[in-house]
Amino acid sequence: MVKLTMIARVTDGLPLAEGLDDGRDVQDAEFYKQQVKALFKNLSRGHNDASRMSVETGPYVFHYIIEGRVCYLTMCDRAYPKKLAFQYLEDLKNEFERGYGNQIETAARPYAFIKFDTFIQRTKKLYQDTRTQRNITKLNDELYEVHQIMTRNVQEVLGVGEKLDQVSQMSSRLTSESRVYADKARDLNRQAFIKKWAPVAIVLGVVILLFWARKKIY
Amino acid sequence: MGTENPNHANNYSRPPQNNNSPFSSSRPVVGSQASAFRPTPVLSTPPSGPEVSTFRPTASYVPPTTGPFQRFSSPTPPPHTSPIGQPPAMRPPPTMRPQMPPMHMGSSPLSMNGAVNLQQSQPSLGPTNPSAVRAAPSSAWPGYTATPPAPVSHKGSYGPAPPQPAASGSFSSHQGGYGPAPPQQAASGSFSSHQGGYGPAPPLGMYVGGPTPPAGGMSGLVEDFSSLSIGSVPGSFDAGLDSKVLPRPLDGDVEPSSFAQMYPMNCNSRYLRLTTSAIPNSQSLVSRWHLPLGAVVCPLAEAPEGEEVPVVNFATTGIVRCRRCRTYVNPYVTFTDGGRKWRCNICALLNDVQNDYFAQLDATGRRIDLDQRPELTKGCVEFVAPAEYMVRPPMPPLYFFLIDVSINSVRSGMLEVIAQTIKSCLDKLPGSTRTQIGFITFDSTIHFYNMKSSLTQPQMMVVSDLDDIFVPLPDDLLVNLSESRSVVDAFLDSLPSMFQDNVNVESAFGPALKAAFMVMSQLGGKLLIFQSTLPSLGVGRLRLRGDDIRAYGTDKENALRIPEDPFYKQMAADFTKYQVAVNVYAVSDKYTDIASLGTLAKYTGGQVYYYPSFHAAIHKDKLKHELARDLTRETAWEAVMRIRCGKGVRFTSYHGNFMLRSTDLLALPAVDCDKAYAMQFALEETLLTTQIVYFQVALLHTSSCGERRIRVHTAAASVVADLGEMYRQADTGAIVSLLGRLAIEKSLSYKLEEARNAIQLRIVKALKEYRNLYAVQHRVGTRMIYPDSLKYLLLYALALCKSTALRGGYADSQLDERCAAGFTMMALPVKKMLKLLYPSLLRVDEYLVKSDDFEKLCRRLPLAAQSLDSRGIYIYDDGFRLVVWFGQMVSPDISRNLVGEDFAADFSRVSLVQRENEMSRKLMGIIKKLREADTSYYPLCHLVRQGEQPREGFFLLSNLVEEQVGGMNSYVDWILQIHRQVQQ
């Protein structure tokens, strides 16, 4: 079952369209929408450039395709056939490109093509039931191959950015800590030097004092 | 002086109205006194703006002059006005040209008549341009171009005055008095001597104080003269109180123009009106103001052609807002540091200018790209909201209908009317291909309709389990209109016949409401409820309680005006949360408990339409028009509104139909041009240190085409330290609007009597305060004085007490009507409210019989029984209904021409249709014009013949606000009563 559908521009992650009353029967629709937005942000930074991908998240899977700088993404149940999901996205892509293909670059406001939601709504209904004759034929159709499509976990995908952050954080911590280390070492050196020569200096001082005292007395 | 001349000449040449003998008799008296005065007539002529029409002496003599003046006498000279004027001393009568040396505050407003006029006609006059002012005079008034510029001489200007008996009331006395007095007479007298002159004269003389006192010891008095004063002598003089001279808003709503001139970059007053455009600078001043201090906002008011709100898209920049107070960038922010920083006008924080918004400053400190930036030049703009302003994609326009199909609605014909109307509006619904639509009908069971686009006929599903309501289908109850159009059409065609023989009298309203909520909660939208009986089944059932006459006059009285069952308030809260706005259409001849049903509309930003004793044959057009308007007007969806204001000022309460989401965020699931919201503010600190206070209204909404937008209105108002100034800059319309809302809210928790008394008390206190301002310096004696800006306030307050929502007691209006009127008045914009309070009364028979002078027809008459002549035909128009009144002595020919052969029959069964004769065509033409003047409601036309009771009483007589109706005072008595209280 298709749960969510979102279309965004890859270059800057600007949302272009979204399915109507999406997430009606999803528990944490907001949470998943946030994940999708994070995903789009990642894409706009150029982290993942596979044009077709499935990303697992909790009980659901995000499927997305990137074509012509537009990302079409849908969220389905894990049990929903991958083949159908990508067919669905293909359908959306064809219609979207036909209708708005030339305006994608000039879209200046979010959800500029929100009118597309009626088409999404309509298409979604066709794909809702996997057992309809139409969908079964599609499933059996060998022409469309989805096996090579990579499946990854959402934590992994979103994690790429996080890990980079972690590395840079660690390195910066390293620099600052080594600077502290150097300071401390210099300090220690000085202390060692004092420890080494202090007794000698004291003895010498006492001797000189004695000499001086003797001179005074006599 | 020359500058005023065109004005005067014109005013005096108005068609004579009536010659008031008492006043002309006073002529000599005044005349003898005239030497004490500068040429007063100047004052009695308003530097009228375009609103002041030229044919009604009373109105046009009422000088709105004070408005503009205050500016000059304002202690805080605003940045945009040039203090131009003539000081009194500079005005020897022979000097014809206005001399305009810089004028300092405190100088008499009157002396500045010329300058003021100019200022009005050229609002954008630069501050440093006295020469331009001087050059402008003769061509400055577009309205007066018809009159050739009068000779620039005193003779020219005042010459026409004396023989002109046109003015009614004391104005004529004025003219009479001053006219003959040669203008050269040096003003050497004093104000009090003037009074003396008036003393023996008519007790209630409205006159404008003399102009600037001469250089002598009068300078201290200068302030007063700007106030229009009315003298009424209580007690023995009562009989002499002439109701003809009382101020009446016969020109409708005259907005104070000074505000807009002072800050030309302010948003238009149709969007935001302050009760006074002079903000008090201290708590003590606030406590002496007594009237409400606040604003009335109509965020989506319809803009006339050519003044559309500019749309700004910041695209990549993101919307420019202050970091701290989140104010949107507006014309009053200042750019500094070579354009790299901008200072927020509300919190004074210095913000960085983003790189893509940067522009160089020119030598005067203005951005060089100013002319391409509407947000920096206009007080009203619309920003395209970026994705951060959306919690979900923009919703489609959604209309859901919840229709009562019990016997009442079928019998009355409502069902048929709404089915037809909805069908005819389907093409005009906003939102083009995205619009969603759905229906539920109910009687004792609930009927759902599957409108799937692949069907040819809608499928009806009946749910009879009212205790545990469920939705029988997950989808297809709410469908895309363009896809399921044929099914929707088929449904609407068959709807009336489906329930034709329904004899069910029950109404499971509550459960049906819940079902509608379940269907709509995903998207939100607009829910239109059509209800024809009292909800009788399931949750939310109501009982008959409006007939309880014993409750009136007791402490339980107000309970009738609030919902009995908490279910309704709870549902309203849920609806708002899910962005559903509810409009209630109640049609019933029996009690339907509008108080409870209306709650749904009240908290969801909706509207209540009530059609008492609805019958399709009579009310069809009204319901049709209003439903069509509701469906097709431009609507903003899932909106929130917030008003921000400068430091030291804080908005404390909000009044209108909405739900408050946090302390200052108004949730408005659907909002349109016919809704206004009022709010009051208070000072947070004891003393305001700033010179100017800014207000900014921001409405974040989704337009019907699916764009998320932010509409921003910005206005500035100066801070004053002087109470007189506050009164001078008061805006009657906004004050009345706010007072009305407060009174209606009060009537929900107190007795009606107390709500009315509260209005009266506030006005008395305010007038008392105003009187105290001047009573010490001058012997105001027994005269009643009030600021010119508030001259209609008394009348409007009286009208408010007599309005359907607040009038009388049990018998004076039905509970349902009362509640419906209350809900309506809470949402009305200022102009509409004033029209409702003081409706227009036009005499049409002369126009019908002979003259083609439509202008003359438009002359509004005072709403008093005296205005009605039994030989005439009148039209009464309050914006909600039209009453055509036939005098008893109207010739039968005319009646026959207008209403056909039924002219002698009972008028309650006669309807006005166009007939094949000139007279009927003319009358219908007038009615059509009146209806087109304001399309937000459809005024239904009622015919009434003089003496035909009880209809005449119901439709017209009880609405003549100046008469003594239902235990309320007449206008004259009201003035006397207020005056007496003020003097105590």
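Numbered from 1 within each chain, the chains take letters A, B, ... in sequence-line order.
Of all the heavy atoms in Pro110(A) and Pro386(B), the pair that sits closest is CG-C, 3.5 Å. Scanning both residues, Pro394(B) and Ile114(A), for their nearest heavy atoms gives O-CG1, 3.9 Å.
Residues that satisfy the ring pair (Phe, Tyr, Trp, His ring centres under 6.0 Å) test with Phe62(A), not counting sequence neighbours, are absent from this structure. For Tyr357(B), the ring pair (Phe, Tyr, Trp, His ring centres under 6.0 Å) test picks out Phe314(B), with sequence neighbours left out. Every residue was checked against the side-chain hydrogen bond (donor to acceptor under 3.5 Å, both in side chains) condition with Tyr72(A), not counting sequence neighbours, and none meets it.
Looking at Glu483(B), only its side chain comes within 4.5 Å of chain A, counting heavy atoms on both sides. Interface remark: Met395(B) contributes no atoms to any contact with chain A (heavy atom separation under 4.5 Å). In this structure, the portion of Asp117(A) lying under 4.5 Å from any heavy atom of chain B is its side chain and not its backbone.
For the options Glu707(B), Met390(B), Arg392(B), heavy-atom pairs under 4.5 Å to chain A are most numerous at Glu707(B). Of the residues considered (Lys37(A), Arg109(A), Glu30(A)), Arg109(A) shows the highest number of contacts with chain B, using heavy-atom pairs under 4.5 Å.
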Check against salt bridge (Lys or Arg N to Asp or Glu O under 4.0 Å), Asp476(B) and Lys125(A):
CA-CA 11 Å; Asp476(B) 300 321; Lys125(A) 277 185 190 147; 3.7 Å; yes
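Heavy-atom contacts from other residues, nucleotides or ligands closer than 6.0 Å to NZ of Lys452(B) number 12 or fewer. Counting heavy-atom neighbours within 6.0 Å of Asn355(B) CG, excluding the residue itself, gives a total of 12 or less. Counting non-hydrogen atoms of other residues, nucleotides and ligands closer than 6.0 Å to CZ of Arg78(A) gives a total above 12.
At a heavy-atom separation below 4.5 angstrom, chain A is approached by Ser432(B), Thr433(B), Arg434(B), Gln436(B) within residues 430-440 of chain B.
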